[in-house]
Amino acid sequence: MAGRIHRCGGVMIKDEITILLKEAALEAQRRDLLPPVTMPDIVLERPQNPEHGDYASTLPLKLARSARMNPLTIAQNLVSLIQLPDEIDSIAVASPGFINFSLKSDWLTKQVEGIVSAGERYGDVDLGKGAKVQVEFVSVNPTGPLHVGHGRGAILGSTLANVLASSGYDVAREYYINDAGGQMDAFHRSLYARYQQALGIDAQMPSEGYFGEYMMDIAREIIAEEGEKLSGKPAELGKIGVAKVMKTIKSDLEALGVSFDVWFSENSLFEQGQYDRVMAFLKERGYISEKEGAVWFASTALGEDKDNVLVRSDGAPTYFATDIAYHYNKFIERGFSRVINIWGADHQGHVSRMKAVVSALGIDPERLQIIISQMVTLKRGEITLRASKRTGEIIILRELVDEVGPDVCRFFFLSHSADSQMDFDLELAKRHSADNPVYYVQYGHARIASILRLAQERGIDYKEGNVSLLTGDSELALIRKMLQLPEVLELVASTLEPHHLPYYALDVATTFHNFYEKCRVISSDEALTSARLKLVEAAQIVLAKTLVLMGMTAPEKM
RNA sequence: GCCCCUGUAGCUCAGAGGAUAGAGCACCAGCCUCCGGAGCUGGGGGCGAGGGUUCGACUCCCUCCAGGGGCGCCA
């Protein structure tokens, strides 16, 4: 049993210490060493200064006020009640009221075995307990190729989905295809105009149409495949066009390493009757009103600034209306316990009314989490490249991926929090490609692979390696860093902030490179060689896992 | 006018109310008889401004300044 706890690494020991503290606090209250005040949440921190141990608690500081006691006294009282478990080397009290825990180094070294035997499952945590969660992302209208902002959402979503899957959730990755509505209409009419023009007929582009050059390319492609037979059949032509655009979108996403489990069609909401059911549901509950010839959702009744149109006076449902049906489908008909949507900053205004409507549907709005990723502006040196599909000045995602590669793309986008807007300077990205943090991390992995290759060539079997020989500072630092992986996963999964991953990857690579500099792995000392090879293998597992979660490659050679 | 996001080192960004605010790049000075130098070690430099809450604020609240986005019977 003890072995199992060790195998799980940091999270387990962290939880163990938390329980220890809580019990000590309760015991202190029983013994009147602490007044019967309500207990705050016990959180363990990772002190930045290694002299302060592996974990620290500020519980005494938090209790001081309500208990009307000196925090140092509380700390000392608590520590006196804690029995030192095997894993812990020492518990120290530090001013003004910290309790610092240091892990035993032979416990630390033993964890290397745990990492190696867990393999690629190392770091996984069971936060979700199998709960069904949907991550919906990208969901771009099939009216043109993806631009860089969409790439950001794609990377965010796919990484988040990876992390949630490793955190015990049953994850579904979904792309919502807006294949209905006004913009689709504009696309059909634009394509038909281009089709006619390509056939030498003088046709007018609709004013709200799509002027990008790709529209002409699609029209020519269709002519090459189908000839003139689609003249007079704009609907049929549109269908072929949408299919072509979707194919491009899929392949652009694949180039970025992004895939989906479900491609959900907006049209299907009408075909399956979900749309009608939801509207009836809302009407029954009095959320629907009619004025000015249109049908409205009474958002103001739910605290919103204004009501929103569901059905336009021309009878066509709005995007909002179909989105309501879509979310009804997600929560009620498909039974997701949590839904995470990743939207661009231009959809920010949609957030609160969507939450309002979800609660109108009788669903706890907390179950809908919306991540807004701020804008991306692409630059080439000082020149800002504006992305707009309608004007045709598109900065295609594919162009970026082809220029800098998917790994650089993913790492770069991931290392910014979704809340911060970002500039992507193509020139800089290319100029810095040699001393890029991406390569720093991947180089670490390749270096490890090379060491393990050499060991194999020399026929070294390190299975029996004795990890307790790993007592050097740089060796223990590497182990400590590796043990943080489950905590990082927990952090990312609970905050839905994948940007912590690249920073962790950088940290692991740094501690590994540092270890490599200080410790020769393959040497004449056979016992030490075996022990260090085990450590190196564990480091490879951690680095590879982090890279894979980020959707990046873990190269054996560079 | 209202709403959302942002302001941290020369640049690009991290920082779950806690101890001496971190990383990459850039700059300066060092490190190769040996497993991959795409590496390692050291150095200089920073929380937009002002109030407040707190034992303690980059972090929470308010005001101001600056930048970005949104306020359609578009999506």
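Here is how names work: the chains are called A, B, and so on, in the same order as the sequence lines, proteins then strands, and each is numbered from 1.
Comparing B:A19, B:G36, B:G39 against the side chain of A:A56 picks out B:A19 as the nearest. Comparing B:G18, B:G36, B:C40 by their nearest atom to the side chain of A:Y440 picks out B:C40. Residue A:L491 has its side chain nearest to B:A16 when only B:A16, B:A23, B:G70 are considered. You'll find that the side chain of A:M558 is closest to B:A38, out of B:C13, B:G68, B:A38. In the set B:G69, B:C35, B:G18, the nucleotide with an atom closest to the side chain of A:L454 is B:C35. Listed candidates were B:A14, B:G18, B:U6. Nearest to the side chain of A:L61 is B:G18. Checking B:A75, B:C73, B:G15 against every side-chain atom of A:E497, the shortest atom distance belongs to B:G15. Of the candidate nucleotides B:C2, B:G36, B:U12, B:G36 has the atom lying nearest to any side-chain atom of A:Y443.
For the C1' atoms, the distance from B:G15 to B:G46 is 13 Å, rounded to whole Å. Rounded to the nearest Å, the gap between the C1' atom of B:G44 and that of B:A26 is 13 Å. Separating the C1' atom of B:C60 from that of B:C47 is a span of 16 Å, rounded to the nearest Å. Here the separation of B:A14 from B:C25, taken at their C1' atoms, is 15 Å to the nearest Å. As rounded to the nearest Å, B:C65 and B:G48 have C1' atoms that lie 7 Å from one another. Separating the P atom of B:A38 from that of B:A49 is a span of 42 Å, rounded to the nearest Å. Using P as the reference atom, B:A9 and B:G70 are 27 Å apart when rounded to the nearest Å. Comparing the P positions of B:U59 and B:U6 gives a spacing of 13 Å, expressed to the nearest Å.
Nucleotide B:G56 has no partner under the Watson-Crick or G-U criteria, as no pair reaches both atom distances under 3.5 Å. Within the shown strands, nothing qualifies as a pairing partner of B:U20 under the Watson-Crick or G-U definition with both distances less than 3.5 Å. Shown here, B:C34 forms no base pair; nothing in the strands shown gives a Watson-Crick or G-U wobble contact with both key distances under 3.5 Å. Nucleotide B:A9 has no partner under the Watson-Crick or G-U criteria, as no pair reaches both atom distances under 3.5 Å. Across all strands shown, B:C73 has no partner, as no Watson-Crick or G-U wobble contact with both distances under 3.5 Å is found. Across all strands shown, B:C62 is found opposite B:G50 as a Watson-Crick or G-U wobble partner, with both distances under 3.5 Å.
When heavy atoms are screened at a 4.0 angstrom cut-off, A:R532 is found touching no nucleic acid atom at all. A:M422 comes within contact range of the sugar-phosphate backbone alone, with a heavy-atom separation under 4.0 Å but no base atom that close. Using a 4.0 Å heavy-atom cutoff across all strands shown, A:N49 reaches at least one base atom of the nucleic acid. Within the 4.0 angstrom heavy-atom criterion, only backbone atoms of the sugar-phosphate kind lie near A:H416; the bases stay farther away. At the heavy-atom level, A:I522 lies under 4.0 Å from base atoms of the strands shown. Residue A:Y516 is classed as a base contact, given a heavy-atom separation below 4.0 Å to a base. At a threshold of 4.0 angstrom between heavy atoms, the contacts of A:H499 are confined to the sugar-phosphate backbone, with no base atom among them. At a threshold of 4.0 angstrom between heavy atoms, the contacts of A:S523 with the nucleic acid are absent. Base contact: A:F98 has a heavy atom under 4.0 Å from a base atom. Here A:N70 lies out of heavy-atom contact (under 4.0 Å) with every strand. No engagement by A:I372 is indicated, since no non-hydrogen atom pair under 4.0 Å with the nucleic acid exists. Residue A:T318 is in sugar-phosphate contact alone, with no base atom involved, counting any heavy-atom pair closer than 4.0 Å across all strands shown. If you check every strand for non-hydrogen atoms under 4.0 Å, A:S415 touches sugar and phosphate atoms only. Heavy atoms of A:A446 sit under 4.0 angstrom from at least one base atom.
For the pair A:K306 and B:G72, the criterion of a side-chain N or O lying under 4.0 Å from OP1 or OP2 is met. At least one side-chain nitrogen or oxygen of A:S420 sits closer than 4.0 Å to the OP1 or OP2 atom of B:A14. In this structure, A:R520 does not reach the B:C34 phosphate: none of its side-chain N or O atoms is under 4.0 Å from OP1 or OP2. Phosphate proximity of B:A75 to A:R312: present, with a side-chain N or O under 4.0 Å from OP1 or OP2. Remark: A:T58 is not in phosphate contact with B:G18, judged by side-chain N or O atoms under 4.0 Å from OP1 or OP2. For the OP1/OP2 pair of B:C35 and a distance below 4.0 Å, the side-chain nitrogens and oxygens of A:Y462 include no atom meeting the criterion. A close approach under 4.0 Å does not occur between any side-chain nitrogen or oxygen of A:N436 and OP1 or OP2 of B:G24. Between A:Q48 and B:A19, a side-chain N or O to OP1/OP2 separation shorter than 4.0 Å is present.
In this structure, A:R353 is positioned above the aromatic face of A:F320, its NZ or CZ under 6.0 Å from the six-membered ring centre and within 45° of the axis.
For the residue pair A:D423/A:T377, the side-chain donor-acceptor check at 3.5 Å is satisfied. A:T143 and A:Q183 share no donor-acceptor pair across their side chains, judged by distance under 3.5 Å alone. With no hydrogens or angles considered, no side-chain donor-acceptor pair links A:K481 and A:N514 at under 3.5 Å. In the model, A:T510 has a side-chain atom that pairs as donor or acceptor with a side-chain atom of A:Y440 under 3.5 Å.
If you measure from atom CG of A:N514 to atom P of B:C40, you get 8 Å, rounded to the nearest angstrom. In this structure, A:M375 places its CE atom 10 Å from P of B:G68, rounding to the nearest Å. If you measure from atom CG of A:L414 to atom P of B:U12, you get 20 Å, rounded to the nearest angstrom. Straight-line distance from the CD1 atom of A:I451 to the C1' atom of B:G36: 8 Å, rounded to whole Å. Atom CD in A:Q348 sits roughly 12 Å away from atom P in B:U6 (whole-Å rounding). Per the geometry, CD1 belonging to A:I42 stands 17 Å off P belonging to B:G18, to the nearest Å.
Aromatic ring pairs are classed by plane angle as parallel below 30°, tilted from 30° to 60° and perpendicular above 60°; the pair A:Y326 and A:F264 is tilted. Note: A:Y210 and A:F187 have perpendicular aromatic rings, judged against thresholds of 30 and 60 degrees for the angle between ring planes. Below 30°, between 30° and 60°, or above 60°: for A:Y503 and A:H499 the angle between ring planes is above 60°, a perpendicular geometry.
Between the side chain of A:D41 and the base of B:A16 there is no donor-acceptor pair of N/O atoms closer than 3.5 Å. Applying the 3.5 Å distance criterion, the base of B:C5 shares no donor-acceptor pair with the side chain of A:Q421.
Both geometric conditions, a ring-centre gap below 5.5 Å and a plane tilt below 30°, are fulfilled for A:H52 over the base of B:A19.
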Task: Check against ring-ring contact (aromatic ring centres under 6.0 Å, His included), A:H445 and A:F512 - done: CA-CA 9 Å; A:H445 188 272; A:F512 174 74; 9.9 Å; no
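Between A:H350 and A:Y319, the ring centre distance stays below 6.0 Å.
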